[in-house]
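Note that the structure is predicted; figures quoted are calculated from it, not measured. Every chain is numbered from 1 and lettered A, B, ... according to where its sequence line falls, protein lines coming before strand lines. All values below were derived from every heavy atom in this structure, side-chain atoms included, with hydrogens, water molecules and symmetry-related copies excluded.
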Protein chains: 2
Amino acid sequence: MFELIDANIAKHITLSPQELDHFHSFLHVKKYKKKQFILQAGETSHFQGFITKGCIKNYILDEKGHEFIMYFALEDWWVGDIMSFYERKPGNLFIETIEDTELLTIDHQSNEQLLHDIPQFERFFRILIQRSAYTLQQRFFNTLSKPAEARYLEFVKKYPQVVQRVPQQLIASYIGVTPEFLSKVRAKLAKKSSKTEAGS
Amino acid sequence: MFELIDANIAKHITLSPQELDHFHSFLHVKKYKKKQFILQAGETSHFQGFITKGCIKNYILDEKGHEFIMYFALEDWWVGDIMSFYERKPGNLFIETIEDTELLTIDHQSNEQLLHDIPQFERFFRILIQRSAYTLQQRFFNTLSKPAEARYLEFVKKYPQVVQRVPQQLIASYIGVTPEFLSKVRAKLAKKSSKTEAGS
DNA sequence: CACATTTCTTAATCTAGTTCAATTTTTTGG
DNA sequence: CCAAAAAATTGAACTAGATTAAGAAATGTG
């Protein structure tokens, strides 16, 4: 039940068995079917979640209705609209399942209690956010400074599991191009590699 | 001396006078002339800084040597390469002064001590990073979904002091266009507004 | 297993922003 | 206050990627 989340936390902080039990007492299981919303823009996020099974997309919708994917998350990832959750006001993020998904969740009040009772969690979440901010910074830089082909290749290399599990149009959104253009990029790459493979 | 930084911290956490004194004991003043590096890519960041006077740019250099501005910072802002500072390894950020600048700095060891002695700082820095991550997310979304003109107008509205103090080519970099194109955007805006002003 | 829906591909046309190069304007430090 | 550097402008030619539209392939579901 808690193996995955305990291991996730142990990457950054060390807790006593009692502290772990206390932490577990705050958690709830939530289950979602494929293509369900975990959160919609305009809502206030009442919990943070940790994925024990499944796959989600976290995105913003622009005025034309285009999805702009902030991130995908699979097993062993934390998900949520952090600003909405901590500031207790409506956010602009959608979180939607791509597969049937199971979360361990912690609600706002429990989270405050947890941070109070075990201040190490303050550090834990700081580290998580720090890393996600760094990743976002690098992605932003790459998106503005490298062509779509390079971004696609980096994505495939960095998130091979995601490539297996989410439709290509969503990967296009993540790397910041239209599905049509990603399709062309892939066609060009396929031609290149077939040449390399000496016409087999 | 510490008025500005104390007020900055008081926005998110409440400290006793003794805790504040303890905090102050970790700080050092550092002064830089205009166009000096506070940090260069490839170096490990040994401190975080709080600007008491001046203005800096925080940027990444791409392989062609183009600056990609992550953010500007004026008085009352924290600056640093957070990943490099916390993970104690070389980063890819440049931090360079745009004006003569004075910082209050805290080095790595003092920071660890501070987080240990006053765990509220763990919360304080979590909140700072959370907000900067949110800002970055919104900026990334805007950059991919809105035209340069809208981004420029939003920048001017959000950071009027920065517009006064940094060269326009750096603002171009921030909003993600070439200096030439920003110049054209501004020319178009000037024409528009002169029309509106009924030819005065 | 078939039909409806979703996803992917292909191609033609279009555009926001880039690049390069030359010129003008502004800022600065001696 | 002036020379030199830095910053901003302008214009012409170009391109990465968007848009639109239609068809092909894959996938899910009664």
Rounding to a whole Å, what distance do you find between A/Leu182:CG and D/dA16:P?
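Distance check: A/Leu182 CG to D/dA16 P gives 16 Å.
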
Atom pair distance, as rounded to whole Å: CD in B/Glu180 and P in D/dA6:
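The distance from CD of B/Glu180 to P of D/dA6 comes to 17 Å, rounded to the nearest Å.
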
Please determine which of A/Ile95, A/Ile69, A/Ile38 meets the side-chain contact (heavy atoms from CB on, under 4.5 Å) test together with A/Asn58.
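Exactly one pass, corresponding to A/Ile95.
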
Quick check on contacts: within residues 137-159 of chain B, what sits under 4.0 Å from DNA chain C by heavy-atom distance?
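Heavy-atom contacts with DNA chain C come from B/Pro147, B/Ala148, B/Arg151.
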
Please work out which residues in residues 164-178 of chain A have a non-hydrogen atom less than 4.0 Å from an atom of DNA chain C and list them by number.
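The stretch gives A/Pro167, A/Gln168, A/Gln169 as the residues lying under 4.0 Å from the strand, ordered by number.
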
Give the intermediate values and the outcome of ring pair (Phe, Tyr, Trp, His ring centres under 6.0 Å) for residues B/Phe68 and B/Tyr174.
CA-CA 7 Å; B/Phe68 175 82; B/Tyr174 184 94; 8.8 Å; no

Tell me, please, whether B/Phe155 has B/Lys158 positioned over its six-membered ring: NZ or CZ under 6.0 Å from the ring centre and within 45 degrees of its axis?
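No, a cation-pi geometry is absent between B/Lys158 and B/Phe155.
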
Think B/Lys30 forms a cation-pi with B/Phe47, using NZ or CZ under 6.0 Å from the six-ring centre and within 45 degrees of its axis?
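Satisfied, under 6.0 Å and within 45°.
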
Hey, could you give me each pair passing salt bridge (charged side-chain N to carboxylate O under 4.0 Å, His left out) that has a residue in residues 133-149 of chain A? Not counting sequence neighbours.
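As it turns out, the salt bridge (charged side-chain N to carboxylate O under 4.0 Å, His left out) pairs with a partner in residues 133-149 of chain A, which skip direct neighbours, are A/Lys146-A/Glu154, A/Glu149-A/Lys188, A/Glu149-A/Lys192.
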
At the 4.0 Å heavy-atom cut-off to chain B, mark where contacts on DNA chain C begin and end, going 5' to 3'.
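Contact span on the strand: C/dG17 to C/dT28.
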
Not counting sequence neighbours, which residues clear side chain to side chain donor-acceptor pair (under 3.5 Å) with B/Asp62? List them please.
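Expected list: none.
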
Would you please name every residue forming a salt bridge (Lys or Arg N to Asp or Glu O under 4.0 Å) with A/Asp107, sequence neighbours left out?
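Residues passing salt bridge (Lys or Arg N to Asp or Glu O under 4.0 Å) with A/Asp107: none at all.
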
